[in-house]
> 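Mind looking over this structure? Questions follow.
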Amino acid sequence: MSTDTESSLYLHPDRNIALELVRATEAAAIRSYPWIGRGDKLAADGAAVDAMRAFLGTVNFDGVVVIGEGEKDEAPMLFNGERVGNGRGPACDIAVDPIDGTSLTAAGRQNALSVIAVADRGTMLDASSVFYMDKIVTDAAGIGVVDIRKPIGENLRALAAAKGKEVGELRVAVLNRPRHEQLIADIRAAGAGTRLISDGDVAGGINAARYESRIDMCVGIGGSPEGITTACAIKALGGFMQGRLAPKDDAERARGEAAGLDCDQVYELDDLVRSDNTFFVATGVTDGELVDGVRKKGPIIRTESIVLRGKSGTIRRVVADHLVEKWLDEADR
């Protein structure tokens, strides 16, 4: 016998706008397809931005881009403060990255994604004035156990105990950057293994929170846009995340403080995104552990997307076939 509340969920379900947003990430991924492996990351990103902007304009919501991608490297971008959607639906904050992993796309390497994250208006941390953030992400086992302020070895031992594993069984995703040389050495000294990421740490963070993933933790300094985007996904996955802004110099720290940010604060998951009504959508550009990349199969293009909803904790996978002739110029087919 169902309760009145349960019955109302079936009679009056909330609209899941993520199922509309997925068309925008699919479009961005498909438009970037001709540029995979072509060595021109700006061309790939520009094609993805144009496609995402066009499709976002058809979605029934009133969206404002709170934090976008591109300003830090002067790439094409959906700019901060840009209004998207048709204005007729819910008021939302948006974090976007038409391609998370432009260098991966240009090189034809794995784990490039097209990504959109959405939350209620006024609930996303606007970290746009500080381009980088130190992050730590795990699944639910890390809640109350892991803390970004502790040495990495201590966190790994605590997480291993919480998961009932040996430290040597843990795998930690880290961006492969010179700034992380000591962090990588410390992870290995603690006995854990590393999974070095060449670019695009959104997938790394999500994989750290997924129960079926081989990744146990994602740590290190990556983009602030990716941090806010990842936080929306972690809400749906029930995982653990903390972030701390990492200004590159005193001038950037001053800009962040002028914008109301605290560069010394540890931002908990609920500080990064204050709403539980979050949506996260990602479509694969190139193949990865999270989703498959765009694939051309004769007259069709196949995409795979993951759609996460924080409010319900629902994870959906969407595989779609698109007619090539509708999407690509003859020269790109």
> Do L290 and M217 sit in the same hydrophobic cluster, where Ile, Leu, Val, Met, Phe, Trp and Tyr count as joined when their side-chain heavy atoms come under 4.5 Å apart?
no

> Can you give me the closest heavy-atom contact between V294 and I30, atom names plus distance?
CG2-N, 4.2 Å

> When you compare the side chain of D50 with that of R31, does any pair of heavy atoms fall below 4.5 Å?
no

> Would you name the heavy atoms of A112 and L104 that are closest together and state the gap between them?
N-CD1, 3.9 Å

> At what distance, to the nearest 0.5 angstrom, does CZ of R317 lie from CG of L308?
8.5 Å

> Under a 4.0 Å N-O cut-off, is there an ion pair linking R177 with D199?
yes

> With side chain to side chain contact (heavy atoms under 4.5 Å, CB included) as the test, would you mind laying out the steps for F280 and I234 before giving the verdict?
CA-CA 9 Å; F280 172 90; I234 302 307; over 6 Å; no

> Tell me whether D147 is salt-bridged to R149, with the criterion being a basic N under 4.0 Å from an acidic carboxylate O.
yes

> Any side-chain to backbone donor/acceptor pair from T286 onto N111? Under 3.5 Å, distance only.
yes

> Would a distance-only check, ignoring hydrogens and angles, find a side-chain to backbone donor-acceptor pair under 3.5 Å from D45 to L42?
no

> With no hydrogens and no angle check, is any side-chain donor or acceptor of S224 less than 3.5 Å from a backbone partner on V130?
yes

> How long is the span from the CD1 atom in I17 to the CG atom in N60, to the nearest 0.5 Å?
9.5 Å

> I would like to know whether L21 and L56 meet side chain to side chain contact (heavy atoms under 4.5 Å, CB included); could you show each step before the answer?
CA-CA 7 Å; L21 294 169; L56 280 175; 3.7 Å; yes

> So, does Y267 use its side chain to make a donor-acceptor pair with the main chain of L245 at under 3.5 Å?
no

> When you compare the side chain of P225 with that of D97, does any pair of heavy atoms fall below 4.5 Å?
no

> More than 12 heavy atoms of other residues, nucleotides or ligands under 6.0 Å from CZ of R171: is that the case?
yes

> Hydrophobic cluster membership, with links at side-chain heavy-atom distances under 4.5 Å among I/L/V/M/F/W/Y: are L269 and I215 in one?
no

> Quick one: does E252's side chain get under 4.5 Å of F131's, heavy atoms only?
yes

> Can you tell me which residue among V219, V172, L175 is in a side-chain contact (heavy atoms from CB on, under 4.5 Å) with L183?
V219

> Considering residues at least two apart in sequence or located in another chain, which fulfil the side chain to side chain contact (heavy atoms under 4.5 Å, CB included) criterion with V64?
R83, R121

> Where does the angle between the aromatic ring planes of H322 and W327 fall among parallel (under 30°), tilted (30 to 60°) and perpendicular (over 60°)?
perpendicular

> So, R188 versus T194: side-chain donor-acceptor pair below 3.5 Å or not?
yes

> Please answer whether the main-chain N or O of R302 pairs with a side-chain N or O of D321 as donor and acceptor at a distance below 3.5 Å.
no

> When you measure from the side chain of E20 to the backbone of V59, do you find a donor-acceptor pair of N or O atoms at a distance under 3.5 Å?
no

> Any Lys/Arg nitrogen of K235 or D270 sitting under 4.0 Å from an Asp/Glu carboxylate oxygen of the other?
yes

> Indicate yes or no: does R274 engage D120 in a salt bridge with an N to O separation below 4.0 Å.
no

> Is it the case that one hydrophobic cluster holds both V66 and V115, taking links as side-chain heavy atoms less than 4.5 Å apart, direct or via other members?
yes

> Where the side chain of E289 meets the backbone of S213, is there a donor-acceptor pair that is under 3.5 Å apart?
no

> State whether the side chain of T58 and the backbone N or O of A54 hold a donor-acceptor pair below 3.5 Å, judged by distance alone.
no

> Does the pair R255/D249 count as a salt bridge with the N-to-O cut at 4.0 Å?
no

> If I take atom CD1 from residue I187 and atom CG from residue L196, how far apart are they, to the nearest 0.5 angstrom?
8.5 Å

> Quick check: closest heavy atoms across M52 and S114, and the distance to 0.1 Å?
CE-OG, 3.3 Å

> Hydrophobic cluster membership, with links at side-chain heavy-atom distances under 4.5 Å among I/L/V/M/F/W/Y: are W35 and I99 in one?
no

> Check whether any side-chain N or O of D93 sits under 3.5 Å from a backbone N or O of M124 as a donor-acceptor pair, and report yes or no.
yes

> Under 3.5 Å, sequence neighbours excluded: what are the donor-acceptor pairs made by side chains of residues 133-144?
{"from": "K135", "atom 1": "NZ", "to": "D201", "atom 2": "OD2", "distance (Å)": "2.8"}
{"from": "K135", "atom 1": "NZ", "to": "G223", "atom 2": "O", "distance (Å)": "2.9"}
{"from": "T138", "atom 1": "OG1", "to": "G142", "atom 2": "N", "distance (Å)": "3.4"}
{"from": "D139", "atom 1": "OD1", "to": "A141", "atom 2": "N", "distance (Å)": "3.0"}
{"from": "D139", "atom 1": "OD2", "to": "K163", "atom 2": "NZ", "distance (Å)": "3.3"}

> Going through the checks in order, is the side chain to side chain contact (heavy atoms under 4.5 Å, CB included) test met by I228 and L125?
CA-CA 7 Å; I228 304 304; L125 179 70; 4.0 Å; yes

> Looking only at heavy atoms, what is the nearest atom pair of A27 and A51, with distance?
O-CB, 3.6 Å

> Report the distance from atom CD1 of I116 to atom SG of C232, rounding to the nearest 0.5 Å.
11.5 Å

> Quick one, V318 with E26, criterion side chain to side chain contact (heavy atoms under 4.5 Å, CB included). Give me CA distance, side-chain angles, the key distance, then yes/no.
CA-CA 10 Å; V318 179; E26 287 173 345; 4.1 Å; yes

> Just by modelled atom types, is the I221 backbone N or O under 3.5 Å from a matching donor or acceptor in the R179 side chain?
yes

> Quick check: are there more than 12 heavy atoms from other residues, nucleotides or ligands sitting under 6.0 Å from CD of E169?
yes

> So, K165 and D216, do they make that salt bridge, N to O below 4.0 Å?
yes

> If you compare all heavy atoms of A48 against all heavy atoms of A28, which two are closest, and at what distance to 0.1 Å?
O-CB, 3.5 Å

> Please give me the minimum heavy-atom distance between V167 and A190, naming the atom from each residue.
CG1-O, 3.2 Å

> Any side-chain heavy atom of H180 within less than 4.5 Å of one from N176?
no

> Does D287 reach the side chain of E304, with side-chain heavy atoms less than 4.5 Å apart?
no

> Is it possible for you to say whether V324 and F55 belong to one hydrophobic cluster, with membership spreading through side-chain heavy-atom contacts below 4.5 Å?
yes

> Is it the case that the side chains of N277 and S275 hold a donor-acceptor pair, with the cut-off being a distance below 3.5 Å and no angle test?
no

> Output the distance between atom OG1 (T105) and atom CD1 (I36), rounded to the nearest 0.5 Å.
6.5 Å

> At what distance, to the nearest 0.5 angstrom, does CZ of R210 lie from CD1 of I315?
8.0 Å

